[in-house]
Each structure stands twice: as C-alpha cells, then as structure tokens.
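Okay, so here's the structure we're looking at.
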Amino acid sequence: MPELPEVETIKLQLEKRIKGETIRGVEVLNPRLINVSVPKFISKTKGVKIKSLRRRAKLLVIDLSSGDSLLVHLKLTGLLIMDQKPDKHTSVIFEFEGSKKLLYKDLRKFGYMKLLSTSQTDKILNKEFGPEPLSKDFTPEKFKELLLKKKKAKIKPLLMDQKFLAGIGNIYAQETCFYAKVNPERKVGTLENGEVKDVYDGLRKIMNAAIKSGGTSVDAYRDVDGREGNFITRLKVYGREGQECFRCGAKIKAIKLSGRTTCFCPKCQR
DNA sequence: CAATCGTCCTGCGGGC
DNA sequence: TGCCCGCAGGACGATT
C-alpha cells in the first residue's frame with residue numbers, strides 16, 4: 001500500500017514526466033473516485049498545464065496552472081501509471097502531447113482524486129497532519145516533545161496516526177518498531193530515552209532507505225512505469241508471521257492493534 | 001475526550 | 001473443480 005516512500009517515489013517520477021506539460025485530453029471512466037461532476041472535472045483540467053507536484057503525508061498534489069489542484073489519495077491499491085492500456089480498474093485518463101498518457105487506477109476504489117482550488121488544498125494539507133518525518137524541523141527533540149503529549153497511547157498505532165506523524169502506514173510502523181526493538185503495544189510513557197531515539201532513527205533510516213529503493217510493493221503498488229518497489233526484500237517483520245526473526249531467530253508473532261495486523265518479534269522487541 | 005468499531009471495495013486463499 | 005466465506009487495509013464517522 002502506498003505510504004510516504006511510495007507516494008514520494010511517484011511524485012519524483014511524475015515531476016520528471018509531466019511537470020510543465022499541458023493536459024490535452026481527459027477521460028473519466030469511473031466518476032466514483034472524483035469529487036465533482038464529470039463535465040466540470042473535464043472542463044477544469046483540459047487544456048491546463050501541470051504546474052508542480054507535491055507530497056504531504058500520503059497525499060499527492062498535482063498543482064495546475066489554473067489555480068486548481070488535484071488532491072490524490074491512493075489508499076490501498078491506487079496507482080498512477082504512464083502509458084498503459086486502460087483496464088476495468090482505470091478511473092481517469094489524462095492525455096498529454098505525443099500520445100503520452102497518465103492513468104489513475106484503483107482496484108479497491110478506496111482512494112480519491114479531488115479537484116479543489118489550490119488554496120483549499122493548502123488548507124487541508126496544513127491543518128490535518130502531523131510533521132513530516134523527513135523534514136528538517138522533525139528533530140529528536142521535537143519527536144520527544146510530541147510523544148510526551150501521548151503517554152498513554154500504544155506506540156505502533158500512534159506512529160500510524162496521521163495527525164501525530166504524517167505518512168506512516170502499517171508496513172513502516174511495524175518495521176520501525178522492529179528496528180527500535182520496541183514491542184508495538186508499548187505505551188509511549190514507558191519508553192526510555194534510548195528507545196525514543198531508536199524509534200526516531202528507525203523512522204528516518206527506514207523512510208530514506210525505502211525511497212531509495214523505490215518503495216515497497218505489497219498488494220498492488222507499482223511505480224509510474226509499472227515497476228515494483230524493491231524495499232520488499234528488506235522488510236524485517238511485515239507479513240512474516242510464523243517465520244524466524246532475522247535478528248534472534250524467535251518466531252515472529254502477529255496480533256491485531258486497532259484492527260490492523262501487526263507482526264513483531266516477541267523475544268527481541270520488548 | 002479518546003479509543004475502538006463498522007464501513008467502503010475487490011481479489012484471493014482456505015475449506016469442504 | 002468450484003463455490004462460498006472471510007480477510008486485508010487507510011481514514012472517516014459513529015459509538016462507547
């Protein structure tokens with residue numbers, strides 16, 4: 001599922017491929033995932049230039065030169081893919097110069113592509129999310145300060161809380177806890193200073209490494225060229241229930257935390 | 001007030 | 001083989 005590293009990968013690729021291009025044609029095959037009527041969507045995007053691309057949390061923003069923006073959430077199975085043949089999961093097709101095409105697809109249709117004014121988009125991005133884990137102002141001190149306000153929360157679900165921290169989902173929250181040798185159910189208030197620092201370091205290292213690998217392909221995720229992300233080969237706990245821990249050899253356990261499957265090593269994550 | 005639950009959707013895997 | 005059931009999951013709204 002696309003989390004911060006996957007959306008960042010798509011953003012970087014789209015920047016190279018469609019930034020500055022003019023949308024020559026628009027086709028909406030499934031109106032369910034857009035927030036305005038099909039005629040309005042087409043009239044507001046056709047003939048308009050792609051001004052810039054941004055990412056905030058797991059959201060991708062495509063800014064248009066008209067003062068509007070497309071706010072895209074890929075949720076679990078959303079894809080933005082260039083130059084593929086449309087299939088039954090294709091919701092929107094943008095056409096550019098030279099028959100270049102961008103397809104917006106979503107197998108489970110949990111995602112959305114909202115046409116909003118850029119100022120409306122900015123309001124949403126600024127209000128509803130915690131800090132970006134890779135930003136400069138997300139320092140170890142800042143992280144500690146934020147944790148102090150959430151002493152009773154369990155660490156793993158908290159890392160996934162977009163209002164607390166932006167862009168972390170089920171895969172990277174599990175991987176971060178493994179890195180820090182912290183049990184996902186640990187109450188934040190019981191974490192020692194060293195553990196807090198390890199969680200912080202884990203977040204930064206894992207996010208950076210995952211972006212370098214082009215993200216993680218579990219489920220449907222593919223990059224803009226339809227390629228898989230390579231970070232899947234470096235996952236330590238996600239999806240490894242019953243297998244041996246890479247660090248200590250104990251059996252990886254799976255539990256449910258706020259309804260989400262959570263894998264961890266009961267021996268070396270305390 | 002904060003945590004948890006149901007919901008959206010579809011492909012796939014388990015069980016018989 | 002084939003069918004049916006249930007599960008997976010981000011985020012929102014409803015509930016406890």
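None of these values were measured; they are calculated from a predicted model. Quick note on labels: first sequence line is chain A, next is B, and so on, each numbered from 1. Excluded from the calculations below are hydrogen atoms, water molecules and symmetry mates; all remaining heavy atoms, backbone and side chain alike, are included.
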Could you give the [atom1]-to-[atom2] distance, from [X] to [N], as a whole number of Å?
X        : N      : atom1 : atom2 : result
A:Leu74  : B:dC8  : CG    : C1'   : 17 Å
A:Lys109 : B:dG11 : NZ    : C1'   : 11 Å
A:Leu79  : B:dT10 : CG    : P     : 15 Å
A:Leu257 : C:dA8  : CG    : C1'   : 16 Å
A:Asp106 : B:dT10 : CG    : P     : 9 Å
A:Ile255 : C:dA8  : CD1   : P     : 13 Å
A:Phe164 : B:dA3  : CZ    : C1'   : 16 Å
A:Asp161 : B:dA2  : CG    : C1'   : 11 Å

| Are A:Arg54 and A:Asp122 close enough that some pair of their side-chain heavy atoms sits under 4.5 Å apart? |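 A side-chain contact under 4.5 Å exists here.
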| request: Looking only at side-chain atoms of A:Ala153, point me to the closest of B:dT10, B:dC9, B:dA3. | output: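 Of the candidates, B:dA3 comes closest.
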| field | Contact nearer the 5' end of DNA chain B, comparing A:Lys150 with A:Arg32 | value |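 It is A:Lys150 whose nearest nucleotide is closer to the 5' end.
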| When the nearest nucleotide of DNA chain B is assigned to A:Ser258 and to A:Leu107 on a heavy-atom basis, which residue is associated with the more 5' position? |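 Nearest-nucleotide comparison on DNA chain B picks A:Ser258.
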| field | Minimum-distance pair of heavy atoms, taken over all atoms of A:Pro184 and A:Lys154 | value |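 Residues A:Pro184 and A:Lys154, closest heavy atoms: O-CB, 4.0 Å.
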| request: Write down the atom of A:Asp68, the atom of A:Leu115, and the distance for their closest heavy-atom approach. | output: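 Closest heavy-atom pair between A:Asp68 and A:Leu115: CB-CD1, 4.1 Å.
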| field | Ring centers of A:Phe94, A:Tyr104 separated by less than 6.0 Å | value |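 A:Phe94 vs A:Tyr104: aromatic centres not under 6.0 Å.
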| request: Please check if any side-chain donor atom of A:Tyr221 sits under 3.5 Å from a side-chain acceptor atom of A:Glu3, or the reverse. | output: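 No, because no side-chain N or O of A:Tyr221 sits under 3.5 Å from a partner of the opposite role on A:Glu3.
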| Taking atom types as modelled and ignoring hydrogens, do the side chains of A:Lys156 and A:Asn183 form a donor-acceptor contact shorter than 3.5 angstrom? |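 Side-chain D/A pair, A:Lys156 to A:Asn183: absent.
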| query | What is the per-nucleotide protein-contact pattern of nucleotides 10-16 of chain C, from the 5' end, where B denotes a base atom under 4.0 Å from a protein heavy atom, S denotes such proximity for sugar-phosphate atoms only, and - denotes neither? | reply | BB-----
| task | Give a yes/no answer on whether the side chain of A:Lys154 brings an N or O atom under 4.0 Å of OP1 or OP2 in B:dA3. | result |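 Result: no.
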| query | Just to confirm, is there a sub-4.0 Å distance from OP1 or OP2 of C:dG9 to any side-chain nitrogen or oxygen of A:Thr261? | reply |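 For A:Thr261, the contact criterion (side-chain N or O under 4.0 Å from OP1 or OP2 of C:dG9) is met.
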| Distance-only, no hydrogens or angles: does the A:Gln13 side chain make a donor-acceptor pair with backbone N or O of A:Ile10 under 3.5 Å? |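 A pair under 3.5 Å: no.
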| query | Do any N or O atoms from the side chain of A:Gln243 and from the backbone of A:Lys251 form a donor-acceptor pair under 3.5 angstrom? | reply |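 Side chain of A:Gln243 to backbone of A:Lys251: no pair is present.
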| task | Test ring pair (Phe, Tyr, Trp, His ring centres under 6.0 Å) on A:Phe143 and A:Phe138 and set out the steps. | result | CA-CA 7 Å; A:Phe143 184 49; A:Phe138 183 67; 5.5 Å; yes
| task | Using five pairs at either end of the helix from B:dA2-C:dT16 to B:dC16-C:dG2, determine the angle between the two local helix axes and round it to 10 degrees. | result |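 Result, rounded to 10 degrees: 60°.
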